[in-house]
Engineer: 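Have a look at the structure that comes next, please.
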Amino acid sequence: MSLLCNARLVKCIKRIVPVVKHIATYSNNRAITFTNTKQSILNSVQTTSLLKSPNATKSIIFGFSLLGLFGLDDKNDPERKLIYTIKRGLLYLQNDDYNAFEKTLHDALQIANDLNHFDGITYVFDVLANGAFMNKDYDKAKTLFLAVISRLFEQGSYDDDLNILHINLKISKIFEAQKDYESSKIGYEFCLDRLKKKYELDSENEDVLGLYSLTLDAYARYLMNQGYTKNACLYFKKAYDISVKLNGEVCEMNVILLNDIGTLCYVHGMLEEALEFFRKAEKIGKHLPDMEHFSTVYINLGNIFLKQGLLKEAEKHCVEGMKNAKRHHYEEGIKEAAICLADIKNAMN
């Protein structure tokens, strides 16, 4: 079962939004520049989008909801209209037409209200919240997420239910984006505490594994952004271990996490350790030809070898990074590969 789309949701929308097991996050692929050196390591391979359509490259920072179209029957005429209105809205969102998405989901909300369908209303609120979250309309997203939580509690949910924790995770991310770091920290740690207990009780549950890995990763990025890089590295490693347990070794999320761990090792001057993690990311990434931003790993390896004075190895990897970036039409990768190759040329002269 996918974390991001449960079985009932898959039944209704699988023809529109492909279901993926791998959870992909974050689009901050900015470079970290270090004191007294021109070299930099790209912090984080660019986002892998849940929506695989060429017209749907906008990142879904935390994926779509765990909630499904529970209680809806696409064989029932009135409910079929609701389901297909939601589908149409998701298509607009997939094509980055947020205004049309929101208008269509409000039509769906009217249908759900006319049906007096409690679960349908809750689901539409949840989809609207996720759309606002993707659109960075954080105040609206937070209000809608809180409304969803309230409705779930009204149905008898507890604060450690996966749906509740998933929404709280996104609210924590919203607090972080709004620079309310204390509230964000409290939220992340609340989710981690509950998920750790669930993991200890059922370490094979894929939904628990997926959300736990996602939360570990989010908290690691929070710590990294706050400057707590050693602790961040520990949480990235935990997220990687859980991701491997869920997805196996060959998975884009694992490449992203290994790249981040390597980055933080580099920050602390641990070049051999950084090299080990980047090499592992390279090995996995070679089995993922469709990974659009894999050039980042090659470029990071090039910068490590440049730092070590191994210029031929550095050139080899930056050239490979350039080829990979061009093959995927990844402009940022092409730019970073060019910088890397220029640094190598200067070092050779």
Engineer: Side-chain contact, heavy-atom cut-off 4.5 Å: His293 with Ile256?
Structural biologist: no
Engineer: Can a donor-acceptor pair be found, under 3.5 Å and without considering hydrogens, that links the side chain of Ser243 to the backbone of Ala239?
Structural biologist: no
Engineer: Any side-chain heavy atom of Asn300 sitting closer than 4.5 Å to one from Tyr266?
Structural biologist: no
Engineer: Can a donor-acceptor pair be found, under 3.5 Å and without considering hydrogens, that links the side chain of Ser184 to the backbone of Phe175?
Structural biologist: no
Engineer: Using the disulfide bond (SG atoms under 2.5 Å apart) criterion, which residues pair with Cys191? Sequence neighbours excluded.
Structural biologist: none
Engineer: Does any N or O in the side chain of Tyr330 come within less than 3.5 Å of the main-chain N or O of Asn324, such that one atom is a donor and the other an acceptor?
Structural biologist: no
Engineer: Taking it one step at a time, do Phe277 and Lys237 satisfy side chain to side chain contact (heavy atoms under 4.5 Å, CB included)?
Structural biologist: CA-CA 11 Å; Phe277 287 111; Lys237 289 178 180 178; 3.9 Å; yes
Engineer: Will you find, in the side chains of Gln110 and Asp114, an N or O donor that is under 3.5 Å from an N or O acceptor?
Structural biologist: yes
Engineer: Taking salt bridge (Lys or Arg N to Asp or Glu O under 4.0 Å) as the test, write out the residues that go with Lys323, two or more places apart.
Structural biologist: none
Engineer: If you define the side chain from C-beta out and look only at heavy atoms, does anything of Asp119 sit under 4.5 Å from Gln155?
Structural biologist: yes
Engineer: Indicate whether any N or O donor in one side chain lies under 3.5 Å from an N or O acceptor in the other, for Asn254 and Asn247.
Structural biologist: no
Engineer: Is it the case that the side chain of Thr85 and the backbone of Ala108 share a donor-acceptor pair, with hydrogens and angles ignored and the cut-off at 3.5 Å?
Structural biologist: no
Engineer: Please, which pairs that meet salt bridge (charged side-chain N to carboxylate O under 4.0 Å, His left out) have at least one residue in residues 140-155, sequence neighbours excluded?
Structural biologist: Glu102-Lys140, Asp137-Lys140
Engineer: Taking side chain as C-beta onward, heavy atoms only, is Asn99 less than 4.5 Å from Tyr92?
Structural biologist: no
Engineer: Can you find a heavy atom in the side chain of Ile164 that is under 4.5 Å from one in the side chain of Tyr158?
Structural biologist: no
Engineer: Provide the full list of salt bridge (charged side-chain N to carboxylate O under 4.0 Å, His left out) pairs with a residue in residues 180-192, sequence neighbours left out, each pair given once.
Structural biologist: Lys185-Glu189
Engineer: With a 3.5 Å distance limit and no angle check, can you tell me whether Ser213 reaches the backbone of Leu209 through a side-chain donor-acceptor pair?
Structural biologist: no
Engineer: Only counting residues at least two apart or in another chain, list the ones meeting salt bridge (Lys or Arg N to Asp or Glu O under 4.0 Å) with Glu315.
Structural biologist: none
Engineer: Looking only at heavy atoms, which two atoms of Tyr222 and Glu176 are closest? And how far apart?
Structural biologist: CA-OE2, 3.6 Å
Engineer: Are Val124 and Leu128 packed together at the side-chain level, in the sense that at least one heavy-atom pair is separated by less than 4.5 angstrom?
Structural biologist: yes
Engineer: Give the minimum heavy-atom separation between Ala141 and Ala129, together with the two atoms involved.
Structural biologist: CB-O, 3.6 Å
Engineer: Taking only residues two or more places apart in sequence, or in another chain, which ones meet Asp193 in a salt bridge (Lys or Arg N to Asp or Glu O under 4.0 Å)?
Structural biologist: Lys197
Engineer: So, does His117 use its side chain to make a donor-acceptor pair with the main chain of Asn113 at under 3.5 Å?
Structural biologist: no
Engineer: I want to check a possible cation-pi pair here: Lys87 against Tyr84, using under 6.0 Å from ring centre and within 45° of the ring axis as the test.
Structural biologist: yes
Engineer: Tell me which pairs pass ring-ring contact (aromatic ring centres under 6.0 Å, His included) where either residue lies in residues 197-218, with sequence neighbours left out.
Structural biologist: Tyr199-Tyr212
Engineer: Any non-hydrogen side-chain atom of Gln308 less than 4.5 Å from a side-chain atom of Glu272?
Structural biologist: yes
Engineer: Mark yes or no for whether Asn130, through its side chain, and Asp126, through its backbone, hold a donor-acceptor pair below 3.5 Å.
Structural biologist: yes
Engineer: Who pairs with Ala220 by side-chain contact (heavy atoms from CB on, under 4.5 Å), at least two apart in sequence or on another chain?
Structural biologist: Tyr235, Phe236
Engineer: For a quick test of reading the model, state the closest non-hydrogen atom pair linking Val297 to Glu282 and the distance between them.
Structural biologist: CG1-N, 3.8 Å
Engineer: Heavy-atom distance under 4.5 Å between the side chains of Cys318 and Tyr298, does that happen here?
Structural biologist: no
Engineer: Side-chain donor-acceptor contacts of residues 226-234 below 3.5 Å, not counting sequence neighbours, with atom names and distances?
Structural biologist:
{"from": "Thr229", "atom 1": "OG1", "to": "His268", "atom 2": "NE2", "distance (Å)": "2.7"}

Engineer: With a 6.0 Å cut-off (strictly less than), is the heavy-atom count around CZ of Phe190, excluding the residue itself, greater than 12?
Structural biologist: yes
Engineer: Check salt bridge (Lys or Arg N to Asp or Glu O under 4.0 Å) between Glu204 and all other residues, then give those that pass, not counting sequence neighbours.
Structural biologist: Lys245
Engineer: Applying side-chain contact (heavy atoms from CB on, under 4.5 Å), can you list everything that pairs with Lys345, at least two apart in sequence or on another chain?
Structural biologist: Asn349
Engineer: By side-chain contact (heavy atoms from CB on, under 4.5 Å), which residues pair with Ser150, not counting sequence neighbours?
Structural biologist: none
Engineer: Between Asn205 and Asp207, is there a donor-acceptor pair closer than 3.5 Å when you use the side chain of the first and the backbone of the second?
Structural biologist: yes
Engineer: Does a side-chain N-to-carboxylate-O contact under 4.0 Å join Lys198 and Asp202?
Structural biologist: no
